[in-house]
Amino acid sequence: MSSPIENANRPKFPKRAVVTAGMPYGNKELHLGHIGGVFVHADTFARFLRDRIGKDNVIFVSGTDCYGSPISENYRQLVDSGEFKGTINDFVQYYHERQKEVLEKYNIDLNLFAASSFGDSAEIHNQVSREFFLTLYSNGYLTKMTTSQFYDTDYGVFLNGRQVVGQCPIEGCTSEKGYADECSLGHQYMPVDLINPKSTLSGKKPEMRDVTNWYFNLNEFHDLLKSWIDHLEKSPNTRPSLIKTIKEFLKPPIIYVKKDYSDLLESIKDKLPKHTLQDESNKSSFALIFNSLEDRDKACKLLREKSIRYRTGKTLVPFRLTGNVEWGIPAPSIEGIDNLTFWVWPESLWAPISFTKTYLKKLNKDEDAWKDWWCSPDSSIYQFLGEDNIYFYGPAEMAMFMATQGREPSIHPSEGQLQLPNLIANNHILFLDKKASSSGNIKPPTARELLDYYTAEQLRAHFLGLSLGVRSVSFQPKPFNPKASDKDSDPVLKEGNLLTNVFNRVARSCFYTVQQYYNGKIPVGNVSAEVLHESQETILEFERLMYKYEFHTIMNLMDTYIRNINKAWARDMKLASENNDLELRTQVVIDGFHRLRTATVLMHSIAPEGTEMILEYLNLGEEFWNWDKIFYTIYDFMDDPQEHSLKFLEPRVDFFKKHPSQLP
């Protein structure tokens, strides 16, 4: 038995891990961004961790986000038009089943894909939501605030979320749409600051009426969040883009006023709260920097009274927890404030805790077993998300989790306290060079439609090969590109060809050669030192890259390794044949199977279907995937290497298949 490499510089992984993937809304099919930008990466990492630390030590959860005004508004429209009949829970359950079906088609191996409004997970989620809220309240981090909310006088209802559209008031925002109190890019603001608001119900400008809600004092966590970011910057596996985005929200409260209003601004400068005026010659606006959020809000009010248009900068503001929409989880009644429901964003942030509890309940685990996963330094939480949601999973979630510790929170929670998750945020997948969005003007194919032209493994490999951890990348599927000609190659098949052509050829060559010359048994011998070293170095690099979530670099690494296997096999077999060198041929087979073993284990998380088929034909057990034995040779998994027979591979059988539409 060969000995594992002892390397002090190898990255350390936790004893237990929870992996989550951003929750899709319950009013639509899974779109391109859900699968290609989040779920494939999360599944690949979860599968790797199962091999690396043991499958019983990993829980991978997600679920349908059933609440929120986009869902209730979409449901209302479809019912009014006669396109849907049934309750709103029927509506989200329909899409939940559709989403679950597509996830399975992409080999997304979740321990639980739950839902926040029905099933066992709904009851548990309601309980977790109540407990989370009461903990924040008892720890002194909630404030009730009366603010102005949009009201449609024609319909006689308050408007929430997507029932109001306008322009985002945040300076520099490129969002196509602003909604009641957040834009499509996740910027938060007070409803009164939305530019040119319009009701989606009546089409008219709504009134502003006062309502009282509960807010989390997010702005109190500025210093702790800064310390958290400083800590992340020292970590080798934190993406720079995550740091950059979160830092933008840690700026002081700022108001931007066009220089066209300089005279009016000058006339009221003595009435404004204490501030610093920043005037850069190359900018079209003044920047008014305030010491506190309260001072900025006072200034905003004064500017509105003087009809001075302005935009606010990104900063930490109180994070709304409740609203008055009927379709939502009931919030606790406190201090005489009744009939409120949770706003969808906060409750979706702790939903993975609810889903973890639901999964463990199905396993008949103790009611507090979830704490071993979420409240222990021995466990790590990995949350995969899109860049638009960094504000919520970053400042908002981290601050709320820290707030559950009590009045002296820390960025390093102790045993028994909620740990701070690791955030892995991907950039946008662009469709034909334009931002892909199911609600935008550019309509990309759905995740389901892509499977009419590609296999799941071809798409998984391609999405992982896109550099989404570094930048937004265009997705250019030839069947959906009107500009593509018959002579053009399909960019989506680049990584897939590594599987269907090269890796497939490597595996088939190994099996067919053993069947032809060695009676279906791998000849027993020592793997070449050069091959052992090459495999060991590839394994260590793969592990390092997975630790840093560098999926596109992993694909480059495996492309090089697998192509080199194929070249070495062709070269050495040719030499053995030309010289009728049976000893060389045997060594080529021994080395080939060691290389095949290494490639198969490393690609297991990326292409599970094809690699598991290789394992089936190797006639070996599940311990083959165990990273505690990652440096072992294939003989170490056989009871008797001399007698171990492989499963017979029929002619022209593929381990990695092409889609039927790609066949001649």
Side-chain angles (χ1 to χ4, degrees), residues 148 150 164-198 205 208 219 222 226 229 240-318 387-388 390-391 394-395 427-428 430 433-435 437 440-442 471-472:
S148 296
F150 295 110
V164 182
V165 293
Q167 296 170 261
C168 178
I170 301 298
E171 177 69 12
C173 178
T174 58
S175 168
E176 297 176 359
K177 289 182 180 179
Y179 302 108
D181 52 9
E182 67 162 323
C183 74
S184 60
L185 295 181
H187 298 148
Q188 302 285 293
Y189 44 79
M190 290 300 178
V192 70
D193 291 331
L194 180 66
I195 299 171
N196 299 325
K198 183 174 71 174
K205 181 178 180 178
M208 302 302 296
N219 46 308
H222 177 277
K226 187 177 183 306
I229 283 295
S241 58
L242 179 75
I243 299 292
K244 181 176 180 292
T245 301
I246 294 176
K247 277 187 172 181
E248 291 178 357
F249 292 104
L250 300 182
K251 294 178 180 179
I254 300 177
I255 295 175
Y256 296 93
V257 178
K258 291 285 187 183
K259 292 181 178 178
D260 297 345
Y261 292 94
S262 58
D263 290 342
L264 277 173
L265 193 60
E266 177 68 21
S267 69
I268 63 168
K269 68 177 183 179
D270 294 336
K271 297 180 181 179
L272 291 171
K274 184 179 178 180
H275 66 280
T276 300
L277 189 144
Q278 194 174 79
D279 181 7
E280 297 181 28
S281 59
N282 61 335
K283 299 289 181 65
S284 61
S285 299
F286 297 113
L288 282 64
I289 305 172
F290 296 87
N291 295 325
S292 69
L293 195 60
E294 291 75 16
D295 285 349
R296 191 199 72 172
D297 291 344
K298 290 176 183 177
C300 288
K301 182 178 180 181
L302 184 58
L303 293 174
R304 285 195 298 270
E305 290 173 353
K306 298 297 181 180
S307 298
I308 299 175
R309 291 192 60 179
Y310 64 88
R311 285 184 179 248
T312 53
K314 298 177 185 177
T315 193
L316 296 179
V317 299
E387 64 174 341
D388 287 355
I390 289 176
Y391 172 80
N427 290 274
H428 294 299
L430 307 176
D433 294 326
K434 296 183 180 179
K435 181 181 176 182
S437 169
N441 294 327
I442 306 299
R471 60 185 178 275
S472 295

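The two residues Phe150 and Pro191 have their closest heavy-atom pair at CZ-O, 3.1 Å. The minimum heavy-atom distance linking Pro252 with Phe290 is given by the pair CB-O, 4.0 Å. Between Pro197 and Val164 the shortest heavy-atom distance is CB-CG1, 3.9 Å. Scanning both residues, Pro169 and Asp193, for their nearest heavy atoms gives CB-O, 3.1 Å. Between Asp295 and Lys274, the shortest heavy-atom contact is OD2-O, 4.4 Å. When all heavy atoms of Gln167 and Asn196 are compared, the pair lying nearest together is OE1-ND2, 2.7 Å.
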The test is side chain to side chain contact (heavy atoms under 4.5 Å, CB included); show your working for Cys183 and Ile170 and say whether it passes. CA-CA 9 Å; Cys183 74; Ile170 301 298; over 6 Å; no
Please determine whether side chain to side chain contact (heavy atoms under 4.5 Å, CB included) holds for the pair Asp388 and His428, giving the CA-CA distance in whole Å, both sets of side-chain angles, and the decisive distance to 0.1 Å. CA-CA 9 Å; Asp388 287 355; His428 294 299; 3.1 Å; yes
Pair Leu264-Val257, side chain to side chain contact (heavy atoms under 4.5 Å, CB included): steps then yes or no: CA-CA 10 Å; Leu264 277 173; Val257 178; over 6 Å; no
Take Thr315 and Asn219 through the side chain to side chain contact (heavy atoms under 4.5 Å, CB included) test and state the conclusion after the steps. CA-CA 8 Å; Thr315 193; Asn219 46 308; over 6 Å; no
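A 6.0 Å sphere centred on CZ of Arg304 holds more than 12 heavy atoms belonging to other residues, nucleotides or ligands.
Between the side chain of Arg311 and the main chain of Cys168, a donor-acceptor pair closer than 3.5 Å is present.
A distance of 11.0 Å separates CD in Glu387 from CG in Leu242, rounded to the nearest 0.5 Å. From Leu302, atom CG reaches atom CD1 of Ile308 across 7.0 Å, with rounding to the nearest 0.5 Å. The line from OH of Tyr261 to OG of Ser267 is 13.0 Å long, rounded to the nearest 0.5 Å. Going from atom OG of Ser241 over to atom CD1 of Ile246 covers 9.5 Å, rounded to the nearest 0.5 Å. With values rounded to the nearest 0.5 angstrom, Ser285 atom OG is found 11.0 Å from Glu280 atom CD. Interatomic distance, Arg471 CZ to Leu430 CG, rounded to the nearest 0.5 Å: 11.0 Å.
Using a 4.5 Å heavy-atom cutoff, the side chains of Val192 and Lys301 are not in contact. The shortest distance between side-chain heavy atoms of Leu316 and Leu293 does not fall below 4.5 Å.
In terms of the salt bridge (Lys or Arg N to Asp or Glu O under 4.0 Å) criterion, residue partners of Glu248 (sequence neighbours excluded) are, by chain and number, Lys244, Lys314.
Under a 4.0 Å N-O distance rule, the pair Lys259/Asp279 qualifies as a salt bridge.
For the side chain to side chain contact (heavy atoms under 4.5 Å, CB included) with Ile289, the lone residue among His275, Arg296, Gln278 that qualifies is Gln278.
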